[in-house]
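First comes the structure, then the notes that go with it.
Within every chain, numbering begins at 1; the chains are lettered A, B, ... in the order of the sequence lines, protein sequences first and strands thereafter.
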Protein chains: 4
Amino acid sequence: MPKISDEKRAARRAQILEAAWTCFQKDGLHATTMDHIIRASGLSAGAVYSYYPSKDDLILAAVATSLSGLSAIVAPLLHAEPPMSPSQLVGEITEAIDRFASRDGFDLKRIALLGWSEAQRNEQLRATMKSFYIDFRCDLAGALKRWRDDRTGVEYDVEADMAAALLSLVLGYVVQSAVIGDVSPQGMVDGLAQLERAAVE
Amino acid sequence: MPKISDEKRAARRAQILEAAWTCFQKDGLHATTMDHIIRASGLSAGAVYSYYPSKDDLILAAVATSLSGLSAIVAPLLHAEPPMSPSQLVGEITEAIDRFASRDGFDLKRIALLGWSEAQRNEQLRATMKSFYIDFRCDLAGALKRWRDDRTGVEYDVEADMAAALLSLVLGYVVQSAVIGDVSPQGMVDGLAQLERAAVE
Amino acid sequence: MPKISDEKRAARRAQILEAAWTCFQKDGLHATTMDHIIRASGLSAGAVYSYYPSKDDLILAAVATSLSGLSAIVAPLLHAEPPMSPSQLVGEITEAIDRFASRDGFDLKRIALLGWSEAQRNEQLRATMKSFYIDFRCDLAGALKRWRDDRTGVEYDVEADMAAALLSLVLGYVVQSAVIGDVSPQGMVDGLAQLERAAVE
Amino acid sequence: MPKISDEKRAARRAQILEAAWTCFQKDGLHATTMDHIIRASGLSAGAVYSYYPSKDDLILAAVATSLSGLSAIVAPLLHAEPPMSPSQLVGEITEAIDRFASRDGFDLKRIALLGWSEAQRNEQLRATMKSFYIDFRCDLAGALKRWRDDRTGVEYDVEADMAAALLSLVLGYVVQSAVIGDVSPQGMVDGLAQLERAAVE
DNA sequence: GATGAATGAGTCTTCATTCAT
DNA sequence: AATGAATGAAGACTCATTCAT
């Protein structure tokens, strides 16, 4: 049989990945069987396996896709001009996550929790997530630096800790949102603002 | 064998739970098989099942135990006199978590991630975690209120958002610690302090 | 400890057997666990096993008890004076079975089916049932002989086949009653009468 | 492996069912494990389960197959022209059952008892059997009607009771045959004949 | 004698993966 | 290349029976 073109291959991969994504986020990583994914993809078992050689690969790909989707959405916020303040960042990012999450009934937050959990057992997945979050934090640090430089005219050096704190706020928002369910971006912004204000009272 | 004493029963339950805890945190919730737990507990399958009627019960018990252990460690911090400042709280709590986590080779943070993930599919577990975190946030709000009242002599009303933000910092610390691994309590404290300072510059 | 008196032993055996009987007829032979019986009997596992060394023994005893209960109820009919006609016998016996069956919510017919089924696998049970039914058929033959001798003044010898046919009618009644559920003793009597009448038309 | 043809599928189903049939009638319904059936079928566990999704389905299918096999054998007798007399019917049907039973070492009577027993606990099975026996009785009634109409030139209406009695004779024959083992079709015929004769003496 | 906690082989079923066609 | 039937090694859980106390 003739070789399949590269675009076809890419399209197939995307088709499978989308099916996996949907299944994973609906049923969780372990309750999703390959059969679910195979059916959802509309392909045959053999076909799916020829594109992704194992379920773990599919999990990795699905999580990586989520991360890069998130990345795409968050990037403009991190590089916005003029740069945002910390609480603006927290507000805009959490809001963006909510927006992304609710697109097409997908829930990014659920995938995030599933991914963190799975990362404990899957070396490669952990590496992927680790480097993603490190990049995220770097960009966050960059954004904070630009904001402070703009405001003060002074060049600060290390916003690493600030970035970590800010990332914590975002991640903690995701957890609370998924587990408790009663948080809002505005609440986070207000909470941080109060924290800042209280410090100087 | 005649009727076993209540303490013996409790001891057996603890023995099984400890085995489960260890397995869960080493291999994750799903990769841990009942057989692993049974072997680790040193009992027979029937004995284990007579104390915990299903794997889900064991998961629930393991997570609940983690939560209440954490609760016991954090409570004194939340009710300390004089009340702590927000950044002190973040520092002390994250440090307590680290300390608790490293006791006996257990890693509370990993169990936390596993629990959040599992809570997506296990109604009862989600309920348990939800009420735990709501309580946590309440106590956090109480601690913040006492701190502000002490400092300002004024009675503030709503620290709900502040508490949510603070809880986010703690949860986000847990995530970063488990997934990235390069955060420290001191870093969080410094990060928050910088956030506060930056706001007024 | 002092030896238990023989009456006590007998009472205990009866108590256990009754519990087993009830469980068996409610849930079937295989779905009934020893634990069910143990709980229903109000004794301990060890106690039950000291009276009946295995579940199979209990099954055997329960079926044997049913059979002898049935026997006690049917005997007077078979030895009634004056002797009954075949259709009277069918009517009275099936009616007696119905009556016996509905006592205390027990259903003799269900136990009968369960016993027949189990007899396929349990040598001893089959032997017990076999000898019971052979006796039953003998008594039936005796009753028929007395009836014919009375009527005709002649001594017939072999009513074995008649007895087998009559027993079939009774057993078939039990099956239809348990599986279909729309038969009545009167219907059987009428059916047999019609069969007889049709033969001479 | 590409898509399998419908005949192949049917052949596989038959292959599995035959294995199940053999196991069931040798060991009984509950003592037969899926593993027995799987080994007997020569397939793998997964393959068997892909054709019959549970043991209960297999039981149902085995019993249903027995019933329809029986049906096929008995039907010609019930619609024979000229119609048979009651005792002829009893004789021919029981003989047909014996013949069917001994084919290939299968024993239809044993399966019948097993099925009746199982029907007490399996709703679907009971429904299947019930409708089978009702149909059987209807056909029996039809056969009896045709016989009487032929003989008397009169149209009788209700042979329902006669049919029930005749069915009892057949079912009772099965029970006695399986449990006692010393009955023969000829004995049943003779027994019924004697019953008829005795009635008019 | 009595107790009931403990045993552990055995049950049904699932599902990631392969490979003959 | 693609198919999807087949594989078979686990998996969670049960339950008749035993025996230390």
Side-chain angles (χ1 to χ4, degrees), chain A residues 1-4 8-9 12 30-39 43-59, chain B residues 1-5 8-9 12 30-39 41-58, chain C residues 1-4 8-9 12 30-39 43-59, chain D residues 1-5 8-9 12 30-39 41-58:
Chain A
M1 292 194 184
K3 249 192 176 119
I4 214 164
K8 259 256 139 75
R9 274 198 73 82
R12 278 271 206 276
H30 294 283
T32 293
T33 69
M34 286 303 289
D35 197 53
H36 290 160
I37 297 173
I38 287 159
R39 276 166 207 274
L43 296 175
S44 69
V48 169
Y49 270 88
S50 80
Y51 288 98
Y52 291 95
S54 78
K55 190 180 176 182
D56 273 356
D57 287 273
L58 228 20
I59 290 176
Chain B
M1 302 169 184
K3 198 144 200 155
I4 217 169
S5 71
K8 266 254 148 65
R9 267 200 79 79
R12 276 273 197 272
H30 291 283
T32 293
T33 70
M34 285 304 288
D35 201 53
H36 291 159
I37 297 173
I38 286 158
R39 275 168 209 274
S41 73
L43 295 173
S44 67
V48 169
Y49 272 91
S50 83
Y51 287 96
Y52 292 94
S54 76
K55 189 179 177 183
D56 273 355
D57 286 273
L58 228 20
Chain C
M1 293 196 183
K3 253 198 173 109
I4 214 165
K8 261 250 146 71
R9 274 197 74 81
R12 278 268 207 277
H30 294 282
T32 293
T33 69
M34 285 304 288
D35 198 53
H36 290 160
I37 297 173
I38 287 159
R39 275 166 208 274
L43 298 174
S44 68
V48 169
Y49 270 87
S50 80
Y51 289 97
Y52 291 95
S54 78
K55 189 181 178 182
D56 273 355
D57 287 273
L58 228 21
I59 290 176
Chain D
M1 301 170 185
K3 198 145 201 156
I4 219 169
S5 72
K8 266 253 148 62
R9 267 199 81 77
R12 277 272 198 269
H30 292 283
T32 293
T33 70
M34 285 304 288
D35 200 53
H36 291 160
I37 297 174
I38 287 158
R39 275 167 209 273
S41 74
L43 295 173
S44 66
V48 169
Y49 271 89
S50 83
Y51 286 96
Y52 292 94
S54 76
K55 189 180 176 181
D56 272 355
D57 286 272
L58 227 21

Mind checking if [X] touches a base, just sugar-phosphate, or nothing, with heavy atoms under 4.0 Å?
X	value
D:T32	sugar-phosphate
A:L43	nothing
B:S54	sugar-phosphate

Mate of F:dT21 where both pairing distances stay under 3.5 Å, Watson-Crick or G-U: E:dA2

Closest non-hydrogen atom pair, [X] against [Y]:
X	Y	result
D:V48	D:S41	CG2-OG, 3.6 Å
C:K55	C:H30	NZ-O, 3.8 Å
C:S50	C:A47	OG-O, 2.8 Å
D:I4	D:K8	CG1-CB, 3.6 Å

In whole Å, I'd like the distance from the [atom1] atom of [X] to the [atom2] atom of [N].
X	N	atom1	atom2	result
D:I38	F:dT7	CD1	P	11 Å
B:Y52	E:dA5	OH	P	16 Å
C:I59	F:dA16	CD1	C1'	11 Å
B:L58	F:dG11	CG	C1'	15 Å
A:H30	F:dA12	NE2	C1'	16 Å
C:R39	E:dT3	CZ	C1'	14 Å
A:D35	E:dT13	CG	P	18 Å
B:D57	F:dC13	CG	P	9 Å

With the side chain of [X] defined as its heavy atoms from C-beta on, choose the nearest nucleotide among [options].
X	options	answer
C:T33	F:dC15, F:dA2, E:dA16	F:dC15
A:K55	E:dA16, F:dT17, E:dA6	E:dA16
D:S44	F:dA6, E:dA5, F:dT3	F:dA6

Spacing of C:Y49 atom OH and C:D57 atom CG [to the nearest 0.5 Å]: 10.0 Å

DNA chain F: 5'-proximal contact among B:H36 and A:A45 (nearest heavy atom): A:A45

Closest-nucleotide 5' rank along DNA chain F - winner of D:R9 and B:A47: D:R9

Residue whose closest nucleotide on DNA chain E lies nearer the 5' end, B:R12 versus D:A31: B:R12

Residue whose nearest DNA chain E nucleotide is more 5′ - B:I4 or D:M34: B:I4

Close side-chain approach of C:I38 and C:L43, heavy atoms under 4.5 Å: no

Distance below 4.0 Å between A:Y49 side-chain N/O and F:dG4 OP1 or OP2: no

OP1 or OP2 of E:dT3 under 4.0 Å from side-chain N/O of B:K3: no

